[in-house]
There are 2 protein chains.
Amino acid sequence: MTRPRSRRGGGRPTIADVARKAGVGAITVSRALREPGRVSEDLRRQIQAAVDELGYVPDPNARALASARAEVFGVLVPSLTNNVFAEVVRGIYDSLSDSPFRIQIGNTHYSGLEEERLLQVFGSQRPAALIVAGIDQTPSARRLLENAGCPVVQVMETGPDPVDMMVGFSHFDGGRTATEHLLQAGYRKIGFIGARMDPRSQRRLAGYRAAMEAAGLFDPRLVTTTPVPSSVSLGRELFRDALAKMPTLDGVFCNNDDIALGVLFECHRASIDVPKQIGVVGFNDLDMMQVSFPSITSVRTHRYEIGTRSVAMALAAIAGNPPEQRVVDLGFELVRRESTAR
Amino acid sequence: MTRPRSRRGGGRPTIADVARKAGVGAITVSRALREPGRVSEDLRRQIQAAVDELGYVPDPNARALASARAEVFGVLVPSLTNNVFAEVVRGIYDSLSDSPFRIQIGNTHYSGLEEERLLQVFGSQRPAALIVAGIDQTPSARRLLENAGCPVVQVMETGPDPVDMMVGFSHFDGGRTATEHLLQAGYRKIGFIGARMDPRSQRRLAGYRAAMEAAGLFDPRLVTTTPVPSSVSLGRELFRDALAKMPTLDGVFCNNDDIALGVLFECHRASIDVPKQIGVVGFNDLDMMQVSFPSITSVRTHRYEIGTRSVAMALAAIAGNPPEQRVVDLGFELVRRESTAR
DNA sequence: CTCAATCATGGTAGCGCTACCATTTGTCTG
DNA sequence: CAGACAAATGGTAGCGCTACCATGATTGAG
């Protein structure tokens with residue numbers, strides 16, 4: 001004898017309202033919306049009319065509960081302000097904007113523990129796919145990914161042992177290529193400057209080191225790093241530190257473009273000629289690298305494409321066509337500019 | 001005689017499992033998790049133990065369906081890569097990271113239609129709160145916000161007619177202040193350079209114009225704008241256009257710091273002395289403004305705080321204590337630097 | 001010591017949707 | 001033209017959780 005809970009939903013139309021108005025069963029409305037091919041032309045039109053008239057929008061919560069699958073992409077990135085991840089995320093958004101999938105972003109703040117916590121939270125939603133930055137998950141996070149029951153794409157890097165799929169490039173090779181370029185240009189005392197030494201930065205450093213060692217020029221005093229988050233002003237400071245430590249420095253491979261810009265500005269200020277006295281190479285090739293004076297050589301990475309490609313792979317897997325190539329290396333390009341042209 | 005749908009959920013524990021293990025009713029588990037104060041110390045511990053042992057995580061979809069309210073903050077921004085919004089979003093994330101609320105971001109791409117569409121989608125989820133950038137919603141979007149049935153915070157700007165709450169500052173005043181500073185420094189032929197002339201940019205331009213007119217110095221040929229998205233390289237190009245149009249230019253107020261940086265680089269390249277020949281002012285005061293050579297005067301805005309403050313206001317409203325002051329002006333500060341010191 | 005008020009706990013009935021059948025209708029084969 | 005089969009539609013029973021009410025235990029006032 002309980003009366004129905006008088007529309008706690010706040011009165012928005014439900015699938016039953018649409019069904020009534022269209023004179024069909026609720027399930028047919030559901031089908032018309034999700035698998036239009038399985039409903040006759042006639043009914044489909046009728047139902048669409050009812051939907052439009054009522055302004056019906058399916059409740060994703062009810063949908064997820066009933067189908068045990070939410071139309072959500074979970075995305076885990078270590079930072080929201082870092083331009084690099086922002087571009088990846090933009091690629092993901094653009095690729096999904098016309099799909100029914102929503103996006104849930106988690107910010108791990110470069111913390112493995114936080115990543116685990118967020119995977120736990122995401123998992124409880126039964127997402128349609130997970131896209132996570134990096135390949136260095138904790139064992140526990142890796143287990144959560146393996147048991148997620150949905151396609152998983154690790155992005156930003158490639159590596160030997162994907163949880164499921166991967167899209168990225170080799171940071172080691174990027175670091176090595178940048179350093180070799182400086183060597184070929186005739187620089188010898190080449191420093192490495194890096195902030196926020198996350199795993200990707202570490203691998204770029206390793207690439208730098210490999211190149212320097214191969215040339216018999218590696219010296220630990222050439223390396224200046226800090227765990228502090230990267231910024232242009234930090235780049236300037238680190239460069240000053242590096243110069244103080246090693247006044248004969250004649251080149252720097254900067255872990256990213258912000259740092260490189262900071263270096264460039266400090267050179268201006270200290271009247272150090274770039275590229276004559278010091279060669280500068282950045283990483284990522286942000287727009288401003290080509291504009292700065294002098295323009296800065298940088299390693300161009302395909303961040304937006306990493307986003308779009310990872311979505312494409314996940315969508316294919318959801319549709320039942322997991323891509324044959326589970327690890328996609330999008331590579332990078334060294335863009336030579338004035339800052340290393342001497 | 002239908003057997004239950006053998007755990008379509010994929011076997012993760014439900015509230016019933018926890019209840020059984022703890023020897024209590026399901027509803028008590030639900031309460032222990034949401035309103036611990038209403039469950040006795042004893043049971044609470046027992047339940048917590050069962051939760052930990054089973055690794056139970058509540059299903060947010062079921063929760064949202066049953067309570068007609070999702071623990072989701074909907075956030076609508078016009079761009080994901082624009083540093084300004086990225087900072088606001090970061091503030092929002094940081095403020096909510098310890099709460100049960102998830103965040104759903106929508107990218108409107110500066111389009112009113114897209115904003116409407118996203119509000120529709122968000123609305124179907126019954127979010128706990130909505131945070132939207134800007135105050136220039138279409139009438140239809142405004143209606144959607146008014147009927148959202150949850151706290152709404154408009155951010156980035158302040159204005160006379162909030163849907164519910166507002167956090168921001170006056171872009172008009174910002175533009176005027178920047179321009180007045182240039183005037184006071186003795187510059188006369190002051191140009192305005194702006195890309196992506198969204199409503200906020202328009203108001204900064206209006207502020208610039210007001211200051212110039214008050215000084216009897218306004219000339220439409222001093223204004224150079226484009227609807228193209230902003231970038232450092234675009235700043236350089238627009239500055240060249242501006243100079244070509246008005247070779248006697250002796251100052252520029254740039255609609256944002258990217259543009260200002262592009263202007264600075266072009267000045268370097270063309271051997272134009274900043275600040276002697278040309279004064280440059282930016283907007284937002286990104287980190288690099290203080291590092292560049294010369295350092296660039298800019299209008300510092302409190303982007304991160306806009307994010308944190310908007311969340312605080314929304315949370316208060318959710319808790320039933322809507323803030324007395326519904327429109328919060330966080331202001332801005334003109335930071336004087338070398339680029340206008342002549 | 002009684003009775004009302006309070007507190008702690010539980011049962012039931014949905015929230016809005018879809019998976020899983022069942023049913024009806026039309027279509028083709030032999 | 002019967003029988004088999006596919007296509008189109010519908011009914012029922014949950015998905016996992018919480019709102020609402022009911023119940024029993026405890027407390028305090030008179």
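Lettering follows sequence order; numbering is per chain, from 1. Fair warning: this is a prediction, and the values are worked out from it, not measured in the lab.
Across the protein-nucleic acid pair, B:Asp59 atom CG and D:dC17 atom P stand 6 Å apart, rounded to whole Å. Going from atom CD1 of B:Ile15 over to atom P of C:dG14 covers 19 Å, rounded to whole Å. Rounded to an integer number of Å, the gap from CG of B:Leu65 to P of D:dA19 is 12 Å. Rounded to an integer number of Å, the gap from CZ of A:Arg44 to P of D:dA8 is 10 Å. Per the geometry, CD1 belonging to A:Ile27 stands 12 Å off C1' belonging to C:dG16, to the nearest Å. Atom-to-atom, CZ of A:Arg126 to P of D:dG16 comes out at 6 Å; the value is rounded to the nearest Å. Regarding A:Asn61, its CG atom lies at a distance of 13 Å from the P atom of D:dC17, rounded to whole Å. Across the protein-nucleic acid pair, A:Ile47 atom CD1 and D:dA8 atom C1' stand 11 Å apart, rounded to whole Å.
Minimum interatomic distance between B:Gln120 and A:Val57 (heavy atoms only, all atoms of both residues): NE2-CG2, 3.6 Å. Nearest heavy-atom pair, B:Phe122 versus B:Gly106, reported as atom, atom and distance to 0.1 Å: CZ-N, 3.7 Å.
Against DNA chain D, the stretch residues 28-36 of chain B makes heavy-atom approaches under 4.0 Å through B:Ser30, B:Arg34.
A salt bridge (Lys or Arg N to Asp or Glu O under 4.0 Å) with A:Glu71 is found for exactly one of A:Arg102, A:Arg63, A:Arg34, namely A:Arg63. When B:Thr108, B:Asn107, B:Val155 are each tested for a side chain to side chain contact (heavy atoms under 4.5 Å, CB included) with B:Leu76, only one passes: B:Thr108.
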Applying side chain to side chain donor-acceptor pair (under 3.5 Å), run through B:Gln48 and B:Asp52 and close with a yes or a no.
-> CA-CA 6 Å; B:Gln48 190 54 53; B:Asp52 291 343; 3.0 Å; yes
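With sequence neighbours left out, the side chain to side chain contact (heavy atoms under 4.5 Å, CB included) criterion links B:Thr308 to B:Ser95, B:Tyr304, B:Glu305. Partners of B:Glu53 under the side chain to side chain contact (heavy atoms under 4.5 Å, CB included) rule, at least two apart in sequence or in another chain, are B:Lys21. For B:Val121, the side chain to side chain contact (heavy atoms under 4.5 Å, CB included) partners two or more places apart in sequence, or in a different chain, are B:Arg117.
Of the two residues contacting DNA chain D, namely B:Val57 and A:Leu43, the nearest-nucleotide position lying further toward the 5' end is that of A:Leu43.
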All N/O pairs under 3.5 Å across the protein-nucleotides 5-7 of chain D interface:
none

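Of the listed nucleotides (C:dG16, D:dT18, C:dT9), C:dT9 has the atom at the smallest distance from the side chain of B:Val39. Here D:dG16 is the nucleotide among D:dG16, C:dT18, D:dA8 with the atom lying nearest to any side-chain atom of B:Ala66.
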May I have the list of side-chain donor-acceptor pairs in residues 143-150 of chain A shorter than 3.5 Å, sequence neighbours left out?
from: A:Glu146; atom 1: OE2; to: A:Arg142; atom 2: NE; distance (Å): 3.1
from: A:Asn147; atom 1: ND2; to: A:Arg143; atom 2: O; distance (Å): 3.3

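An OP1 or OP2 oxygen of D:dA8 is reached within less than 4.0 angstrom by no side-chain nitrogen or oxygen of A:Arg38.
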